[in-house]
Amino acid sequence: MTIDYKVAASAAKALLNLYSFNIAVDSIQVQETKREFEGDLTVVVFPFLKISKTSPENTAIALGELIVKDLEDVIGFNVVKGFLNLEIANSYWIQFLNNSIDLPSYGFKKRNSKNEVMVEYSSPNTNKPLHLGHLRNNFLGYSVAKILEANGHKVQKVQIINDRGIHICKSMISWKNYGEGETPESSGLKGDKLVGKYYVKFDQVYKSQVAALIEEGNDKETAEKKAPIINAARELLQKWESKDPETLALWQMMNSWVYEGFEHTYREMGVNFDKLYYESNTYLNGKDEIKKGLNSGVLFKKDDGSVWCDLTQDGLDEKLVLRGDGTAVYMTQDIGTAILRYQDYPDLAYQIYTVGNEQEYHFKVLFLILDKLGFSKAKSNYHLSYGMVELPEGKMKSREGTVVDADDLLEDMIATAKSISETQGKLSDLSEEEKSDTYKKIGYGALKYFLLKVDPKKGMMFNPEESVDFQGNTGPFIQYTYVRAKAVIKKAGKEAQPSTNNLLLSPAEKKVIKTLHNYPSVIKEAARLYNPGVLSNYIFELVKDYNSFYQSTNILKEENLDLVGLRLNFSGLTARVIHSGMKLLGIDMPEKM
RNA sequence: GGGCCAGUAGCUCAGCUGGAUAGAGCACCUCCCUUCUAAGGAGGCGGUCAAAGGUUCGAAUCCUUUCUGGCUCACCA
């Protein structure tokens, strides 16, 4: 039981004794005392005035006296207006530290197998390389998965790979026509980059063909339909659907290039998946489910053969779930995939989809239809919607060449970390391998932290020139503090020992310990909101508190050895909490920097 | 036009279910390394919380309206 709860419960009891009024413990506001005031925890008494029928001050004093009497850990109080500031005994904070020394995963909840959750993220098309937007998506999805695990959930990390459809055929036809047999090996290009190159080529050819047709007197719409290369792509899609061996072979070959390229990028990013779903495997499943839905009357067919779901009762429109020609749309395969996942993981409580906010309507509809089809768990599904990453010039446009390529950016981060590290010259006694490992941890730490510290649902600005800093509220600053704390402990060379309870704490020391004390509730809150930013902000606060203490106090030169031990204890816990918290963000810690 | 989201310091962002004088980082200005790592610390400058109403002991936070920006409402994904 946390001290906050104890205080709230005690306040409730006091209200009952004083005014014979029964109040829910949860409804009592207990908050941290603001820095300008004296005390540790504050009870807001304004809401009780109606019950007490006396002034805020008198109410607060009456409550304070009873709480101090009731709780051993509360040793005093003061009242400012309607705020009852309580002083918590040092022994409470020290005891908390002592209790945490041996906890292997402080702040984490025990695994509860009933709460299995699936988190989907990444899910790129297989015709373009990954870019900055995918980085936000992957870091976000991965981090949320980790945060849920820390909260006791069993988590399945998955992605759906859009390996099928007209967009793939565009790359295929383009490669067929202009590729001259080029492969990743022959060109030295990363597989996804090679396929992306032919996707771009398709677009160029297509545009020039459309332009030529318009020149010949066609209107825009017909020109777009008549362009030979788009028709060739459609033909290829037909062949693919009819399982033409040559087409399938080409498709498999080009996809395998892409997967190899993606695999490399995922490894660099430090993300992974428990299971991969491929659209080419799930879209038929979707069609089956549509059939079932028709039979059960949840869905209906129009005269042209297209299948729809009527959502007008829910305040939405009718939604197409299968084309008139029987081919699948996005919704078809998403229905199929979702249901397949419930079958693959029967204990799944719900699914989380990490997908950009432009698809909010789609997921709203998807969850509704799934529910109507009899998958009531879908009501608990969550669309982890995030805002676009924008550049100073505006949105990323492949046409204008403003797309920030994921591999390039990752490489740049390492280069920046390297150049800063070399200027500082603190890594000189490391091997080359250790150095490059450190550069990577720092550079990627900066990027991940930058992308994760912002509330997911908000759009964010990314200025390649100056955005990713290494000072202030950044990954490297946090890593630096971690390295510092570890260095002190290493120098002290002592095992952690429980501290005596009667030590005096400086304000800086107490602040660090109190912030450490909050870690479990922060993990909970980050999970509740599906927001790694909550965790980032917390780690930053902890790190600032620790640095402030560190700078003002020489830990090892203190003569009182009990005090040295205590400082080492919370330095150790600080390092562990930083390490653990950053791990939940997918960020690794260097041991030196 | 309907729906969803956002608007907080010059810039990038925190601010939880309403609580004390709205906070950080960057940038700018002062200081602090013969010391456990200065990628750091201490301080200063900087705000009509988009605007107007309302709800109440109390509003950046809740409600209404307006303005601005983003996304969305496809037999696209």
Side-chain angles (χ1 to χ4, degrees), chain A residues 26-27 29 31 33-34 36-37 42 44-47 49-50 56 80-83 85 123 125 162 165-167 279 302 304-308 315-317 319-331 333-334 356-362 364-365 385 387-388 390 395 417 420-421 423-424 426 442 446 450 453-455 457-463 466-467 469-481 483-492 521-522 525 528-529 531 533-534 536-537 540-541 543-544 547-557 567-568 571 592-593:
Chain A
D26 292 345
S27 66
Q29 297 177 56
Q31 51 195 238
T33 305
K34 299 246 179 202
E36 320 73 280
F37 300 95
T42 296
V44 184
V45 303
F46 290 110
L49 300 184
K50 277 180 193 146
V80 181
K81 291 190 274 182
F83 298 94
N85 302 318
S123 305
N125 286 329
N162 303 293
I166 189 71
H167 53 289
E279 240 177 55
K302 290 194 177 173
D304 61 2
S306 57
V307 181
W308 299 74
L316 303 171
D317 288 331
K319 185 73 188 175
L320 178 90
V321 292
L322 195 68
R323 287 199 190 94
D325 63 3
T327 58
V329 289
Y330 188 39
M331 191 57 81
Q333 44 211 26
D334 267 7
N357 61 8
E358 73 275 12
Q359 295 196 29
E360 273 170 10
Y361 183 74
H362 172 78
K364 194 175 173 185
V365 170
S385 164
M388 294 292 109
E390 281 203 36
K395 295 203 302 192
I420 293 177
S421 294
T423 316
Q424 308 249 359
K426 293 179 189 170
I442 296 171
F450 181 81
K453 73 178 173 186
V454 181
D455 185 343
K457 69 170 183 274
K458 291 193 178 174
M460 64 184 297
M461 177 64 74
F462 184 86
N463 185 336
E466 54 194 58
S467 268
D469 218 323
F470 286 69
Q471 281 163 8
N473 188 1
T474 68
F477 170 50
I478 292 164
Q479 291 170 324
Y480 178 73
T481 310
V483 170
R484 267 178 152 182
K486 292 280 279 194
V488 181
I489 293 160
K490 197 175 160 196
K491 179 158 183 183
S521 70
V522 169
E525 184 68 358
R528 187 177 73 82
L529 300 172
N531 182 1
V534 170
S536 327
N537 289 331
F540 180 55
E541 187 196 352
V543 160
K544 271 195 302 184
N547 271 317
S548 188
F549 153 75
Y550 177 94
Q551 206 77 223
S552 67
T553 318
N554 192 306
I555 299 168
L556 298 176
K557 280 194 178 165
R567 288 172 182 170
L568 287 172
S571 294
K592 204 171 173 123
M593 70 186 278

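Reminder, nothing fancy here: chain letters follow the sequence lines and each chain counts from 1. The figures that follow rest on heavy atoms only: side chains count, while hydrogens, waters and symmetry mates do not.
Here the side chain of Gln551(A) is nearest to one of rA77(B), rG41(B), rC13(B), namely rG41(B). With distances taken from any side-chain atom of Ile420(A) to the nucleotides rG19(B), rA6(B), rA39(B), the minimum falls on rA39(B).
Stacking of Phe477(A) onto the six-membered ring of rG40(B) is not present when judged by under 5.5 angstrom between centres and under 30° between planes. Between the side-chain ring of Phe46(A) and the base of rG19(B), a stacking contact exists by the 5.5 Å and 30° definition.
Taking atom P on both nucleotides, rA50(B) is separated from rA27(B) by 26 Å, rounded to a whole Å. Between the P atoms of rG46(B) and rG2(B), the separation comes to 43 Å (whole Å). Using atom C1' as the reference point in both rC31(B) and rU68(B), the two lie 43 Å apart (nearest Å). Comparing the same atom, P, in rU72(B) and in rG47(B) gives a spacing of 37 Å after rounding to whole Å. Comparing the P positions of rC45(B) and rG18(B) gives an interatomic distance of 33 Å, to the nearest angstrom. Annotation: rC63(B) and rC16(B) have their P atoms spaced 14 Å apart (nearest Å). Here, rC57(B) and rG69(B) have their P atoms 39 Å apart, quoted to the whole Å. Nucleotides rG1(B) and rC62(B) place their C1' atoms 28 Å apart, quoted to the nearest Å.
A side-chain donor-acceptor contact under 3.5 Å links His362(A) and Asp334(A). Remark: the Asn547(A) side chain and the Thr481(A) side chain contain an N/O donor-acceptor pair separated by less than 3.5 Å.
Nearer to the 5' terminus of RNA chain B, by closest-nucleotide assignment, is the contact made by Thr33(A) (compared with the other of Leu320(A) and Thr33(A)). Sequence order on RNA chain B of the closest nucleotides to Tyr330(A) and Gln31(A) puts Gln31(A) first from the 5' end.
Checked by distance alone, Asn85(A) brings a side-chain donor or acceptor within 3.5 Å of a matching partner on the base of rA20(B). Contact annotation: side chain of Thr42(A) to base of rA20(B), donor-acceptor pair present below 3.5 Å. With hydrogens and angles ignored, no donor-acceptor pair under 3.5 angstrom links the side chain of Ser552(A) to the base of rA42(B).
Residues satisfying the ring-ring contact (aromatic ring centres under 6.0 Å, His included) criterion with Phe462(A), sequence neighbours excluded, are Phe450(A). Phe37(A) meets the ring-ring contact (aromatic ring centres under 6.0 Å, His included) test with no other residue; sequence neighbours excluded.
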Readout for nucleotides 25-30 of chain B: B = base within 4.0 Å of protein heavy atom, S = sugar-phosphate only, - = neither; 5' to 3' it is SS----
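Considering only heavy atoms from C-beta on, Phe83(A) stays 4.5 Å or farther from Thr33(A) through its side chain.
Between Glu525(A) and Arg528(A), at least one side-chain nitrogen of the basic residue sits less than 4.0 Å from a carboxylate oxygen of the acidic one, meeting the salt-bridge criterion.
In this structure, Phe540(A) and Phe477(A) have perpendicular ring planes: the angle between them is above 60°, well past the 30° mark.
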